[in-house]
**Student:** 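Got a structure for you, written out below as structure tokens; questions coming shortly.
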Amino acid sequence: MLVHLKTQLQTLLQNALSVAYPDQLNSLPIELDIPTEKVFGEYSSNIALKSAKIFKKAPTVVANEFLAIFTMAIEKSPLKDKIAKIEVKNPGFINFFLTPTALYDVVYQIFKDEANYGRLNFGQNKKIQIEFVSANPTGPLSIAHARQAAVGDALANIFNFIGFKADREFYVNDEGNQINILGRSVAQRAQELLGEKVDFLEDNYQGDYIKDMAKEFMAQHKINNLDGLNATKPETFSQWAADYLLNVIKKELDDFGVHFDTWSHQSKIATAEKIVAVLDVLKGKGFIYEKEGAWWFKSTDFGDDKDRVVKKSDGSYTYLTPDIVYHKDKFDRGYERLINIWGPDHHGYIPRITAVVEALGYKKDNLNVLIVQLATLFRDGKPVSMSTRRGQYVSLREVMTEVGVDAARYFFLMRHISAHLEFDLELAKKATPENPVFYIQYAHARVYSINKKAQEAGIQVQRNKLSLLKEEAELDLIKKMGWFADVLLFCYDQLDPYPLVNYLHELATAFHKFYDQHRVVEENKELSGERLALVNSCRIVLANGLMLLGLTAPESM
RNA sequence: GCGCCUGUAGCUCAGUUGGAUAGAGCAUCAGCCUUCUAAGCUGAGGGUCGCACGUUCGAUUCGUGCCAGGCGCGCCA
């Protein structure tokens, strides 16, 4: 992998410089960038530009001095066969060019690792928890949840691939006001169904699914008259409805290909005793005070705008309080890093929960809250508005059935998580060149097609000894494949799967360009064998990347 | 009023954390299939990187101040 070669080269250059200039450069680490233009080589360093001032010389002069040092160091090292040339370019960049031999190593590596190509032990098995979706069980999932699901799942895949132990967790808010309202909504719809004239309350859940649930509730509880209904306790409605909808949500996520490791319930984690205990802890640390009959958490000590009520004057708790218990519980379970994925409507809540983490004695950096921006859905050129309450929204279920899981997941991932996303349902459905979904998958499928032709022609994959791949399109493709792991690290750094989407698109472009210019199955059998190795190594990288994003890698299209 | 996100081609967006001539897709126009899948490839046109200062060898990137759009600012959840 080129990421390893880069590290080796970097270390070599750093050592060479510190020997040559023991004093001047001690605080200036050498960094290798991937140049935007390939005429500038595979790696580029701006060290001469940065250190020109220290030496009081022109950057190109410094660069040429470094060039001599680097050339000698590489000549004496095992990297001698990997570096083709080094050059200085204005205004003072030092560019490194790899030999074909160095690039062929990428292909050998891919065949050696196959489905594990790109795997790193970077994470050293550290436990990370990614909590996402965590929708209230009061209705089917919306496309806002769908995007969070696609992002969280892909992130977990990537983290695990680079050596972390990442768990997916869904937190179920199965208590509180919204659940009571849900129960009441079902109860009132049931009354209606039994012929009673009901004043259906405005803040009830208005969606049609409530009516279906009312029917189902009565069937399951064998209720067929008003007496039976009135004898039923409100909690029975609430608990049944929350359970019912949680199962709906589980099924939706399952069908969407998102599988959680842990479903934690507020009712089980944030029990009355644990709430009392955690408030005690905070009180002991001096972060709780009483004012106007309520208990306040001094979140301003940690940068929040204002202090927050944790126990209301009527004795009940706010939304924040069980969340304190929950976050303590996460750390108690041994996670070194917590990642919460929330919608933009919760971003005002971040300083509060960060304050909680710090007050509990953990570092601010132990928790990252990612805000996944909304996806605006378009249908026939018009935006579709959403409101759970009114029940007028496009659900994950609808999107899945309309455009398919692959297209849906791709669209949800095709922008940075912080960018508003335009999701055109009509476009996602189309099997035309306007639709970006198939571009990557098409490259993968094309390799299978080549394999079939190659088999007919009796050509074997040459995976041990490459020497004939010299064309620009061939070498470009190999370079792209070599940077796979680099991209995964970048995703980790950014906490965003988007760079991988972008990368796979670029990899597919490199493949399609090669495909268009050169034939794999051709006269020269040796060349064919090597090209067959090239496209199949590309297939492996594409498949690995698609798998991490939760997309299928079709063998034909 | 305060906080967060966003502002780059007609449209939707990249731009690897301060680098080299600012890129891609769509749309428009012009080409490429008797040969491995044309869901592909090649080319053309299209830009005051919201505006103004500042920081330095160098700013789309960093800082400050404006302008515009979105979201959030409860003893709601």
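Reminder, nothing fancy here: chain letters follow the sequence lines and each chain counts from 1.
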**Student:** Tell me, please, which residues at least two apart from A:Ala359 pass side chain to side chain contact (heavy atoms under 4.5 Å, CB included).
**Tutor:** A:Leu282, A:Phe287, A:Phe297, A:Phe302
**Student:** Using a cut-off of 4.0 Å on non-hydrogen atoms, how would the nucleic acid contact of A:Asp345 be classed: base, sugar-phosphate, or nothing?
**Tutor:** sugar-phosphate
**Student:** Tell me which residues in residues 291-299 of chain A lie within less than 4.0 Å of RNA chain B, going by non-hydrogen atoms.
**Tutor:** A:Lys291, A:Glu292, A:Ala294, A:Trp296
**Student:** Once ring-ring contact (aromatic ring centres under 6.0 Å, His included) is applied, do any residues pair with A:Phe40, and if so which ones, sequence neighbours excluded?
**Tutor:** none
**Student:** How about A:Glu522: does its CD atom have over 12 heavy atoms from other parts shown lying under 6.0 Å from it?
**Tutor:** yes
**Student:** Kindly give the atom pairs (protein nitrogen or oxygen, nucleotide nitrogen or oxygen) under 3.5 Å for nucleotides 2-5 of chain B.
**Tutor:**
unit_1: B:G3; atom_1: N2; unit_2: A:His347; atom_2: NE2; d: 2.3
unit_1: B:C5; atom_1: O2'; unit_2: A:Ser418; atom_2: O; d: 3.1

**Student:** Counting any heavy atom closer than 4.0 Å, what does A:His416 reach on the DNA or RNA strands: base, sugar-phosphate only, or nothing?
**Tutor:** sugar-phosphate
**Student:** Please collect all side-chain hydrogen bond (donor to acceptor under 3.5 Å, both in side chains) contacts where either partner lies in residues 345-358 of chain A, sequence neighbours excluded, each pair once.
**Tutor:** A:Asp323-A:Tyr349
**Student:** Using a cutoff of under 3.5 Å, can you pull out all pairs of nitrogen or oxygen atoms linking the protein to nucleotides 42-46 of chain B, with atom names and distances?
**Tutor:**
unit_1: B:U42; atom_1: OP1; unit_2: A:Lys513; atom_2: NZ; d: 3.3

**Student:** For a quick test of your reading: what N or O donor-acceptor pairs under 3.5 Å do the side chains of residues 405-412 of chain A make, sequence neighbours left out?
**Tutor:**
unit_1: A:Asp406; atom_1: OD1; unit_2: A:Thr552; atom_2: N; d: 3.2
unit_1: A:Asp406; atom_1: OD2; unit_2: A:Gln441; atom_2: NE2; d: 3.0
unit_1: A:Asp406; atom_1: OD2; unit_2: A:Thr552; atom_2: OG1; d: 2.3
unit_1: A:Arg409; atom_1: NH1; unit_2: A:Phe256; atom_2: O; d: 2.8
unit_1: A:Arg409; atom_1: NH1; unit_2: A:Gly257; atom_2: O; d: 3.4
unit_1: A:Arg409; atom_1: NH2; unit_2: A:Asp153; atom_2: OD2; d: 2.6

**Student:** Test of understanding: with side chain to side chain contact (heavy atoms under 4.5 Å, CB included), list the residues that count as partners of A:Lys525, not counting sequence neighbours.
**Tutor:** A:Ile459
**Student:** When the P atoms of B:U16 and B:U60 are considered, how many whole Å apart are they?
**Tutor:** 13 Å
**Student:** Just call it for A:Ser556: base, sugar-phosphate, or nothing, with non-hydrogen atoms closer than 4.0 Å on any strand.
**Tutor:** base
**Student:** Are any protein N/O atoms closer than 3.5 Å to N/O atoms in nucleotides 20-22 of chain B? If there are, list each pair with its distance.
**Tutor:**
unit_1: B:A20; atom_1: N6; unit_2: A:Ser44; atom_2: OG; d: 2.6
unit_1: B:A20; atom_1: N6; unit_2: A:Asn95; atom_2: OD1; d: 3.2
unit_1: B:A20; atom_1: N1; unit_2: A:Asn95; atom_2: OD1; d: 3.4
unit_1: B:A20; atom_1: N1; unit_2: A:Asn95; atom_2: ND2; d: 3.2

**Student:** Looking at every strand, decide which applies to A:Pro59 at a 4.0 Å heavy-atom threshold: base, sugar-phosphate, or nothing.
**Tutor:** nothing
**Student:** Quick one: list whatever passes side-chain hydrogen bond (donor to acceptor under 3.5 Å, both in side chains) with A:His265, sequence neighbours left out.
**Tutor:** A:Asp174
**Student:** Using a 4.0 Å heavy-atom cut-off, does A:Ile34 contact any base of the nucleic acid, only the sugar-phosphate backbone, or nothing at all?
**Tutor:** nothing
**Student:** Treating a pair as Watson-Crick (purine N1 to pyrimidine N3 plus N6-O4 or O6-N4) or G-U wobble (N1-O2 and O6-N3) with both distances under 3.5 Å, list the stems of 3 or more consecutive pairs that involve RNA chain B.
**Tutor:** B:1-7 with B:67-73, B:10-13 with B:23-26, B:28-32 with B:40-44, B:50-54 with B:62-66
**Student:** How is A:Lys452 classified with respect to the nucleic acid when contacts are heavy atoms under 4.0 Å: base, sugar-phosphate, or nothing?
**Tutor:** nothing
**Student:** Tabulated below should be each protein N or O lying under 3.5 Å from an N or O of nucleotides 58-62 of chain B; please produce it.
**Tutor:**
none

